[in-house]
Colleague: 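Supplied in structure tokens, the structure appears directly below.
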Amino acid sequence: MNEKSYERLVAADRAMLWHPYSAIDAATPVYPVASARGVRLTLADGRELIDGMASWWCMIHGYNHPVLNAAIEHQLSDMAHVMFGGLTHAPAIDLARRLIEIAPDGLEHVFFADSGSVAVEVALKMAVQYWRGRGRPAKRRFVALRNGYHGDTLHAMSVCDPVTGMHTLFGDLLPLQFFVPPPHAGFASGVDEGDVAALEQVLDGHGGEIAALILEPVVQGAGGMRFYSPDYLRAARALCDRYEVLLIADEIATGFGRSGRLFACEHAAVAPDILCLGKALTGGYMTLAAVMTTHALAQAIATGDPGVFMHGPTFMANPLACAVSLASIGLLLASDWQADVTRIERGLTAGLEACRAMSHVADVRVLGAIGVVELSQPVDMATVQPMFVERGVWVRPFGRLVYLMPPFVIDDTELARLTAGVADVVGRLVVESGRCVPVGR
Ligand code: PMP
């Protein structure tokens with residue numbers, strides 16, 4: 001494709017399309033991708049970028065994987081889709097069985113939803129219907145951690161961090177929830193008793209109105225890319241039991257190996273009452289989410305009023321998405337993914353270390369295949385995004401965070417190019433009017 005048609009794509013996009021958290025005709029650049037293979041994106045003008053984002057946590061096996069392609073093609077020859085109301089199919093049944101095998105103990109039932117945010121809505125509704133079924137309808141509010149992120153739909157937003165989570169913008173459209181401080185101690189630092197006490201205080205004072213605690217186990221993603229101690233998660237599980245509050249684990253970002261365990265709950269050896277999965281579930285091929293519950297929860301909904309769970313998306317359990325998920329989980333478990341994640345963790349730790357000494361870097365942290373450089377001020381996206389592309393890497397900072405979570409199949413040379421790209425770009429930034437901008441701009 002020549003430069004003119006590349007520019008035409010960009011111009012047409014700008015005129016018509018919204019991008020995530022963007023505006024029509026925004027100043028931030030947008031790059032047309034023509035194809036992707038392994039860990040490389042090929043732009044429409046032929047430039048190649050090493051992908052440091054795995055398309056927002058999803059693409060764990062890399063792009064255009066022959067096994068995943070074949071799973072979709074095979075399923076396509078039977079049926080692309082069929083409604084799930086009153087009908088069922090092998091891809092959904094096989095995937096549910098597989099998820100029940102690998103998920104934390106006690107999660108025995110599966111609801112397939114369309115996306116992460118919808119899975120969170122489903123989880124919240126399940127918690128409310130559970131308590132109705134148990135004869136305690138007053139329990140219909142939620143407690144969440146500050147710095148959390150659970151999605152962009154209205155009720156999911158209500159349990160996102162109240163400051164970064166658009167609460168001011170949407171005001172009283174959002175139901176009011178309870179918030180507790182985010183766990184302060186890092187992954188390896190043990191638990192801060194003050195954090196546990198703050199959670200206990202809310203549960204003790206308001207347990208009668210709280211249906212569930214929702215949290216991202218061990219890794220808080222889009223709300224700050226923070227890692228916290230598994231001890232906190234263990235303590236939270238125990239408090240939920242003591243105060244009769246359900247625990248919803250949002251593993252939409254962490255599920256399928258990203259934090260070094262198949263599910264982040266495993267770091268603490270706890271099982272939630274409700275588990276949300278998404279993103280890497282399909283190996284990043286298409287949108288699908290799963291909400292898994294205990295039998296006790298499913299039973300309380302079945303025996304309560306109206307005796308059914310009130311949610312039923314059109315594309316529930318889409319066969320193509322279920323088939324590719326099954327193939328993706330098969331690929332993951334057949335691979336030495338733990339060794340890959342450990343190798344990536346080492347590469348991220350070594351490669352990002354250079355950033356630590358920079359005056360505008362507040363912190364550098366790595367857990368599993370997640371590497372984070374936290375700056376002291378937000379990145380100026382319009383000027384900084386092109387710097388990564390010029391270095392042949394795809395890195396998409398947000399706010400003060402420049403982070404990497406590459407596909408697990410990235411090799412050491414590609415990983416070194418990615419981290420060198422980050423260190424080089426971050427090293428050329430200075431703080432100007434409260435933003436990190438390129439030096440000498
Ligand atoms: N929960 C978490 C922890 C997430 O990271 C995300 C997506 N970033 C969501 C929920 C929402 O998922 P989706 O974008 O698929 O709606």
Side-chain angles (χ1 to χ4, degrees), residues 18-22 52-60 111-127 142 144-162 164-166 174 177 179 182-183 212-228 233 236 247-259 261-265 267 272 274-292 311 313 315-318 321 324-325 328 367-370 372 396-399 401 403-405:
W18 262 288
H19 286 264
Y21 312 107
S22 186
M53 308 304 298
S55 280
W56 280 338
W57 316 76
C58 297
M59 201 51 81
I60 52 177
F111 186 102
F112 287 117
D114 334 44
S115 71
S117 301
V118 175
V120 168
E121 298 288 336
V122 163
L124 301 178
K125 285 171 70 175
M126 280 178 169
F142 298 93
L145 309 187
R146 288 185 184 271
N147 284 114
Y149 176 80
H150 299 287
D152 287 350
T153 52
L154 283 166
H155 230 98
M157 267 198 295
S158 80
V159 288
C160 290
D161 182 86
T164 61
M166 304 177 273
L174 302 185
Q177 313 294 9
F179 288 93
L213 164 66
I214 181 166
L215 50 71
E216 297 153 278
V218 178
V219 177
Q220 290 189 298
M225 301 296 287
R226 302 171 79 258
F227 312 140
Y228 66 85
L233 184 55
L247 177 62
I248 302 173
D250 177 350
E251 292 233 22
I252 289 161
T254 49
F256 305 101
R258 182 58 65 180
S259 73
R261 298 294 182 99
L262 195 55
F263 300 103
C265 280
H267 288 289
I274 304 178
L275 175 69
C276 298
L277 301 173
K279 290 190 181 276
L281 172 62
T282 62
Y285 264 55
M286 49 208 299
T287 180
L288 181 73
V291 184
M292 303 184 66
H311 203 99
F315 287 100
M316 188 167 181
N318 172 260
V324 76
S325 298
S328 175
L367 180 69
I370 313 165
V372 184
R396 176 92 180 151
F398 77 91
L401 302 166
Y403 61 100
L404 296 173
M405 39 203 192

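As a basis for the values below, the full set of heavy atoms in this structure was taken, side chains included, without hydrogen atoms, waters or symmetry mates. When a ligand or atom number is given, it counts from 1 through the structure's own listing order. Quantities reported herein were computed from a predicted structural model and do not represent experimental measurements.
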Colleague: Who passes side chain to side chain donor-acceptor pair (under 3.5 Å) against N318, sequence neighbours left out?
Modeller: H81
Colleague: Is a side-chain N or O of T282 found less than 3.5 angstrom from the main chain of Y285, in a donor-acceptor match?
Modeller: yes
Colleague: For ligand 1, list the protein residues that place a heavy atom within a distance below 4.0 Å of one of its atoms, sorted by chain and number.
Modeller: S115, G116, S117, Y149, H150, G151, E216, D250, I252, A253, K279
Colleague: Measuring centre to centre across the rings, with the benzene-like ring taken for any Trp, is F263 within less than 6.0 Å of F256?
Modeller: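 Centroid distance F263-F256: below 6.0 Å, so yes.
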Colleague: Using ring-ring contact (aromatic ring centres under 6.0 Å, His included) as the criterion, list what pairs up with F142, not counting sequence neighbours.
Modeller: none
Colleague: For R396, give me all partners under side chain to side chain donor-acceptor pair (under 3.5 Å), at least two apart in sequence or on another chain.
Modeller: Q385
Colleague: Indicate the atoms forming the closest heavy-atom contact of A280 with S328, along with that distance.
Modeller: O-OG, 3.9 Å
